[in-house]
Amino acid sequence: MDAKTESKTFQHFIGGDWLDAEGGATFEDLNPLDDSLYARVARGSGNDMRKAITAARTAFPAYRDTTPTERERLLLRVAEIMEARQQDLVDCLIDEIGSPIQKAMFEFTKGLTMVRAAAGMCRNVRGETIPSDRPGTLSMSIREPLGVVAVITPFNVPLIKTTRLVANALAVGNTVVHLPSEMAPHLSVIFAEIVAEAGFPAGAYNVVTGMGAEIGDDLTSSKDIDFLTFTGSTVVGQHINEICARNKTPNTLELGGKSPTVILADADLDKVMPLAARSVFMFAGQACIASSRFYVERPLYDEFVKRFSMIVGKLGMGDLRDPNTVIAPAISPRQRDRIKAHIEDAKAKGATVVAGGEWENNRCQPTLLTGVDEEMTVCKSETFGPVTSIYPIDSYEEGLEKANDTEYGLSSAIFTRDIDKAFHFARNIGAGMCHINGPTIHDEAHVPFGGNGESGVGREGTDADMEAMTELKWVTVQL
Ligand code: NAD
């Protein structure tokens, strides 16, 4: 059975059934371009969440025992159906969260790769034999799925996060309860339709839509979940971390960022400039790994600011289906207020807006700030919008020190031809990821993706999730 797409009221997917929320409650899912109604969506309750957790728990014993071949076949079938439904997914990424077509296509392609990479995990759920001091003993470790995995995803890359985390959990034999962002629920509903069509058993994947603030705790504090993976803001991540600590629920937390890019005097600006623009303005800065701080060695500083201003002035802000459009609307009134507050605070305290700073409806022009200091909110806090600050530095050492002057630690980048400085930076930057002569925005299915400090705990990716979403059991046989 399909969700009620024809009337555009989207339901939960629980135990293989499409269900209304308890009492028929719904909420409005708005198109951020003009705040028009995109869809009505089931507004889940605690009881709906408990129903989903029970469905996942009930499905687990049989699902755990499916063969690797079967799970691999199901995941590859998901990828096939995703390809057939490319238009639906891309349209949803455009109209539900305001993705420009370039970003929507990038996300679709990446999402496909995530599912195919997960299919490759199924045959690799491996333990090992272990030498034993006890004569005549065969000793081994067996890798087992954990049980029910809670997946909580953000609005900005809903397809990448859903495909990666749900597919990785299912690949190794877990069942899943998914709470998608209230700003991107339809994307997960389409994914659930695809999973159902692929033939996954009822209850293997469950989606409960609704307000995270209302029903998040019903998921995260449940004693019936065995692992939790959360991607979202640091403040919500901190709250979840405390709940997980109380319940001893293992988890990975992928949180916010304030990622730095250091550009040394020997860098080739012809190569740096297009990458610099891509590393911050893709999806209008609504990327956890967006570079929101540029530290440029003084000999290149003026030229960098001049060229960057010219580039950002040309970034398209037109129709989201026009391939030249780069700048997206900010997702919500709350987020728009935050971006405005960061820019106004910086201006009031003496920063210079060298490009952008104005709004066209719900879109903020790509904005470059100079003269930013520590008193300004934008200096240290995540803006999550098309805003970045450019700072002059007098040496590599100053660049490293300033880049490390943050409580976050997600992505980082350095542009230089000096291999010693580049590797010194990679070793000494307090971030989970570092790109030499490449932009901070970079992700692949099989890499250890994640951050340190306020940016989170743990890593995700096929290898990392194999470790995180399974547990080793020690087994001996006395021969
Ligand atoms: P958010 O924290 O507002 O919401 C994320 C998810 O948490 C949503 O699904 C929401 O429903 C849910 N939620 C809200 N309250 C909850 C609660 N009490 N319990 C459980 N779940 C709850 O974040 P957002 O605005 O959707 O996303 C933007 C943030 O996500 C930014 O800070 C960004 O840096 C971060 N992010 C991080 C990564 C990463 O990999 N590190 C990737 C993408 C986004």
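Indexing begins at 1, ligand by ligand and atom by atom, following the structure's order. Below, each value reflects all heavy atoms present in this structure, side chains not excepted, and no hydrogens, waters or symmetry copies.
- Using a 4.0 Å cut-off between heavy atoms, L410 contacts ligand 1 through its side chain alone, with no backbone atom that close.
- Considering only non-hydrogen protein atoms, atom 20 (C) of ligand 1 sits nearest to G216 CA, 3.4 Å.
- With N174 contributing its side chain and M469 its backbone, the two residues share a donor-acceptor pair below 3.5 Å.
- The residue among G212, S455, G257 with a heavy atom at the shortest distance from atom 16 (C) of ligand 1 is G212.
- Neither the backbone nor the side chain of M211 comes within contact range of ligand 1; no heavy atom lies under 4.0 Å.
- At a 4.0 Å heavy-atom cut-off, ligand 1 does not touch L219 at all.
- S455 places a side-chain N or O within donor-acceptor distance of the main-chain N or O of G409, the cut-off being under 3.5 Å.
- Residue-level proximity to ligand 1 for C288 is carried by backbone and side chain together, each with a heavy atom below 4.0 angstrom.
- Only side-chain heavy atoms of H239 come within less than 4.0 Å of ligand 1; its backbone N, CA, C and O stay farther off.
- At a heavy-atom distance under 4.0 Å, only side-chain atoms of E382, from C-beta outward, approach ligand 1.
- Scanning all protein heavy atoms for the shortest distance to atom 2 (O) of ligand 1 gives S233 OG, 2.5 Å.
- When heavy-atom distances to ligand 1 are checked against a 4.0 Å cut-off, T153 comes that close only through its backbone atoms N, CA, C and O.
- The single protein non-hydrogen atom nearest to atom 44 (C) of ligand 1 is N156 OD1, 3.3 Å, given as residue, atom name and distance.
- Distance screen at 4.0 Å: atom 23 (O) of ligand 1 has a protein heavy-atom neighbour inside the cut-off.
- Contacts with ligand 1 closer than 4.0 Å are made by heavy atoms of both the backbone and the side chain of T231.
- Checking F294, F304, Y295 one by one against Y391, the ring pair (Phe, Tyr, Trp, His ring centres under 6.0 Å) holds for a single residue, Y295.
- If you look at P180 next to ligand 1, the close heavy atoms, those under 4.0 Å, all belong to the backbone.
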